[in-house]
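To keep things clear, I will list the structure first and then write my remarks on it.
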Amino acid sequence: MRKTSIGAAAGLAVVVGLAGCAALAPSPDYDAMLAEMMKTSFRGEGIATVDRLQQDASNAECSKSVGKPLPQARAQAIEQANLATVKMPSDGKFIGDWKEGEKLAQNGRGMTWTDKSSATASNGGNCYNCHQLSKSEISFGTIGPSLYNYGKIRGVADPADPAAKPIVDYTWSKLYNAKAYNACSGMPRFGHAGMLDETQLKHLMALLLDPKSPVNQ
Amino acid sequence: MKPSLIACALLSAAMAAPAQQKSAADGIAEYRKMLEDGNPAELYEAKGEGLWKQARGPKNASLEQCDLGKGPGKVKGAFVELPRYFADTQRVQDLESRLLSCMQTLQGFNADEIAKTPFGKGEQANIEALVAYVSAESRGMKMNLPQGHAEEKKMFELGKRAFFYRAGPYDFSCASCHSEEGKRIRMQDLPDLTKNPGDGIGYAAWPAYRVSSGQLWGMQRRLNDCFRQQRFPYPGYASDVTIALSAYMGVNAKGAESIAPALKR
Amino acid sequence: MHTRRDMLSHSAKVAAMLAAMGMLPALAQAQAGSWNAAAFEAKNIDELMKALGAAAPAQSPDVTVTGPDIAENGAVVPVGASTTLAGVKRMLLLVEKNPAVLSAMFDVTDAVEPNFSTRVKMGQSSNVYAVAMMNDGKMLFAQKEVKVTLGGCGG
Amino acid sequence: MADPMRIRAQAAGDKTTVRVLMAHEMETGQRKDASGKPIPAWFIQEVTAQHNGKTVMTAQWGPAVAKNPFLQFNIKGGKAGDKIAVSWVDNRGEKRTDEATVS
């Protein structure tokens, strides 16, 4: 989706351009100026290459709304497109090791121009930057909701129980591609963007859903 | 037997436990208060004032004739009106890009070379001191960026769009962290930069001495590290996107009292 | 129990010996005349007391250590050592879990109060001690725990 | 040549509070640079304070004192106009002395 969506973004720009024509006084074409400014202002450094500035359709549309909510129909279309990218685990197993998940949640590294490698093994989950998880970690962010007791609140006593299946599927999809449920979510699309691999996602699943995980204590 | 220090330590640690009920936020606030008195930024202010008045560069001239927007040599109050449009360069400039212009025209330095120099090295280290000095000369004054010139309005509009520009492997924009009140990353409070976040908060608190790196950071370096954490490519020093963002944040902060150079974690 | 202490004592002696011969790298660098290299290389409080030729310290309500409960950044932690007692020779600031336990040592004269504040680096959460070295050789201390939190973004 | 210190000395009641900021890296010797080479230790080892020319305090510091060090202490007595001088020597033998007037 990331690669094919550039055309979609261009299509969107055309629509916006036409809407602009309806206005009485022609306002400056800020979008074109912005594109030029972004191009001339940045350069590649290490693994952070300039192609990172390219937006897919979701990012382009959420950027252009400059903080205002999207019309419901547009939001739903973006969510559907993102949901379609979600790949469930190849072996059908969702739950890894919560201890590894906790390490990933603590780790905020990866993908900056000072990081050496963009391999998934070099990346953390960044979870505590934005979310509360286990009670013992007092240094947590609040950009996202608290995930303390995530599985417990949702009544997950055994993630393998078929009754837990909807929550398990939802949680996996949310981690894989957060825009599947909230078009302009601030959360990275860890699976879709290739930031975390299947095994790492399973560890985060365990942190959230394993009844033994400190998140559910 | 001599009394064991370790045993005493354990005992008193156990006795001290209830004190830890105090919230983490209270603890951090207490820590910041303790650091208020004696901000190492003062060291940079003093150095910067010396550099401003010292004849330097190929032309062996001082910066005392530099026009920061309020006329040649007028430093007081200049900082809280930047970025602004400058007729001589036909560009909207922030403090750092304006200093580059003055260093080139008055002192004969090569501005492009300085822009390419890594932060904290060579003339970049001198610019850190200069921004500490110039911003300190507006301490206590209110942010009041001009928006009368068409180019100033344009930079605000472009800055706004750049602020909300999501991209990169994490889909982050400036707005991901800085468009809502009362949020934080880990323990760090995040100012809402889409409006005036209050006196001495956000745009009105930079340049600042960064405790974590032990360095004085101007807005250029602040933005550079934001883009790094945003997982973006590298923004050029004094590039248009950095100036546009400053224009956007600075206009939004209108009326906020500047405490720069401040002290940051 | 004693083995570890003896070993430490032994290594302190070795360090002192090397120091005397000018063979420790940090010592070779020591430029200031009376800088006590052995004290600043002590890994723990036992080693430090030996390097200072002092007895083991005892906790005292008359000594105060100041510092935050939580430090937002371990690179700069404001700490202070003071005492209400008269007859103080030196005030020391110690961070138990730092690679070297001694941070700073202040010689007290009749012209200053035994009350000093500075800022130290802390690699991790640790107990911080203020120690008063009295003219009669007694060592009195106060201690408090300072938690060091992680910075934002982790990068 | 090291950058100047900032010294503030204020007399109040029966004492003078002295606050000093020093410009110094205070490198621990335990860090490595980008290429993995250890950065050599470089830190202030001795600090001396004088009140009207008379030494009132000496201190020994290790590398654990934070970068751009801060120091606060109280001199007994003292009045506006008195001179406070602070000196430091680091492990490379570099020195710096600055003076301030009590306010």
Side-chain angles (χ1 to χ4, degrees), chain A residues 27-28 30-31 33-38 40-56 58-67 108 110-115 118 123 126 128-130 137-144 178-179 184-190 193-195, chain B residues 20 23-25 27-28 116 150 153-180 182-190 192 194 223-225 227-245 248:
Chain A
S27 61
Y30 288 124
D31 290 329
M33 284 189 261
L34 175 75
E36 179 63 18
M37 181 176 83
M38 298 302 277
T40 55
S41 291
F42 289 91
R43 63 173 169 80
E45 172 82 13
I47 61 170
T49 49
V50 284
D51 58 0
R52 289 188 179 187
L53 292 174
Q54 281 178 9
Q55 296 173 310
D56 72 353
S58 307
N59 276 337
E61 203 161 337
C62 292
S63 300
K64 285 209 177 77
S65 76
V66 288
M111 300 308 289
T112 72
W113 68 64
T114 47
D115 289 299
S118 54
N123 298 340
N126 290 270
Y128 280 104
N129 280 340
C130 299
E137 179 52 85
I138 57 164
S139 179
F140 59 85
T142 59
I143 296 174
K179 274 73 174 176
C184 298
S185 166
M187 180 164 150
R189 296 175 280 189
F190 289 107
M195 295 300 102
Chain B
Q20 287 163 19
S23 84
I28 299 269
K116 280 189 209 131
K153 284 199 195 81
K154 181 181 120 183
M155 281 309 245
F156 171 84
E157 288 297 331
L158 292 179
K160 179 179 179 178
R161 283 158 178 79
F163 190 87
F164 286 95
Y165 192 93
R166 296 171 168 233
Y170 286 4
D171 304 334
F172 285 164
S173 66
C174 307
S176 304
C177 291
H178 293 290
S179 61
E180 266 188 276
K183 300 288 181 187
R184 41 174 236 243
I185 285 184
R186 289 277 187 171
M187 295 304 282
Q188 271 72 56
D189 295 321
L190 299 164
D192 178 356
T194 65
L223 288 173
N224 182 279
D225 201 57
F227 277 125
R228 186 181 70 85
Q229 307 259 23
Q230 215 173 301
R231 276 75 180 179
F232 268 45
Y234 197 97
Y237 185 86
S239 60
D240 279 345
V241 74
T242 60
I243 295 168
L245 283 169
Y248 174 66

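Hydrogens, waters and symmetry mates are skipped; everything else that's a heavy atom, side chains included, is used. In what follows, chains are A, B, ... by sequence order, proteins preceding strands, each numbered from 1.
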By a 4.5 Å heavy-atom criterion (distance strictly below it), what part of A:Met195 contacts chain B: side chain, backbone, both, or neither? side chain
Please step through side-chain contact (heavy atoms from CB on, under 4.5 Å) for the pair B:Phe164 and A:Lys64, ending with a clear verdict. CA-CA 8 Å; B:Phe164 286 95; A:Lys64 285 209 177 77; over 6 Å; no
Mind running side-chain contact (heavy atoms from CB on, under 4.5 Å) on B:Phe172 and A:Asn59 for me, showing each step along the way? CA-CA 9 Å; B:Phe172 285 164; A:Asn59 276 337; over 6 Å; no
Would you sort out whether A:Met37 and B:Tyr165 count as a side-chain contact (heavy atoms from CB on, under 4.5 Å), showing the intermediate values? CA-CA 12 Å; A:Met37 181 176 83; B:Tyr165 192 93; over 6 Å; no
With chain B, which of A:Glu45, A:Met38, A:Met111 has the greatest number of heavy-atom pairs at distances under 4.5 Å? A:Met111
Qualifying residues under side chain to side chain donor-acceptor pair (under 3.5 Å), relative to B:Asp192, sequence neighbours excluded: B:Thr194
At their closest point, which heavy atom of B:Gly182 faces which heavy atom of A:Thr142, and how far apart are they? O-OG1, 3.8 Å
Do A:Phe42 and B:Phe227 have side-chain heavy atoms sitting under 4.5 Å apart? yes
Is it the backbone or the side chain of B:Leu190 that comes under 4.5 Å from a heavy atom of chain A, or both, or neither? side chain
Report yes if the side chains of A:Cys184 and B:Arg166 come closer than 4.5 Å at any heavy-atom pair, otherwise no. yes
Do you know which of A:Ser118, A:Gly186, A:Ser65, A:Gly110 has the most heavy-atom pairs under 4.5 Å to chain B? A:Gly110
Roughly how far apart are A:Tyr30 OH and B:Glu157 CD, rounded to 0.5 Å? 4.5 Å
Do you know the tightest heavy-atom contact between B:Arg231 and A:Gly108? NH2-O, 3.0 Å
For B:Arg186 and A:Glu137, what are the C-alpha separation, side-chain angles and deciding distance, and is it a salt bridge (charged side-chain N to carboxylate O under 4.0 Å, His left out)? CA-CA 10 Å; B:Arg186 289 277 187 171; A:Glu137 179 52 85; 3.7 Å; yes
Pick one of side chain, backbone, both or neither for B:Ala162, based on which atoms fall under 4.5 Å of a heavy atom in chain A. both
Can you find a pair of side-chain heavy atoms, one from A:Arg52 and one from B:Tyr170, that are under 4.5 Å apart? no
Between A:Ile143 and B:Ser176, what is the shortest heavy-atom contact and its length? CG2-O, 3.9 Å
Tell me the closest heavy-atom pair linking A:Phe140 and B:Arg184, and the distance in Å. O-NH2, 2.7 Å
Considering only heavy atoms from C-beta outward, does the side chain of A:Ser41 approach that of B:Asp240 to under 4.5 Å? yes
Could you measure the distance from the OH atom of A:Tyr128 to the CE atom of B:Met187? Nearest 0.5 Å is fine. 13.5 Å
Chain B contacts, top residue of A:Ser185, A:Gly144, A:Gly44, A:Ala178 (heavy-atom pairs, under 4.5 Å): A:Ser185
B:Asp189 versus chain A, heavy atoms under 4.5 Å apart: side chain, backbone, both or neither? neither
Return the option, out of A:Leu34, A:Val66, A:Ile47, with the maximum number of heavy-atom pairs under 4.5 Å with chain B. A:Val66
Does the side chain of A:Ser63 come under 3.5 Å of the side chain of B:Arg161 through a donor N or O and an acceptor N or O? no
Which region of B:Ala238, side chain (C-beta onward) or backbone (N, CA, C, O), has a non-hydrogen atom less than 4.5 Å from a non-hydrogen atom of chain A, or is it both or neither? neither
Identify the two heavy atoms, one from A:Met33 and one from B:Leu158, that lie closest to each other, and give their separation to 0.1 Å. CB-CD2, 3.7 Å
Any side-chain heavy atom of B:Ser239 within less than 4.5 Å of one from A:Thr40? no
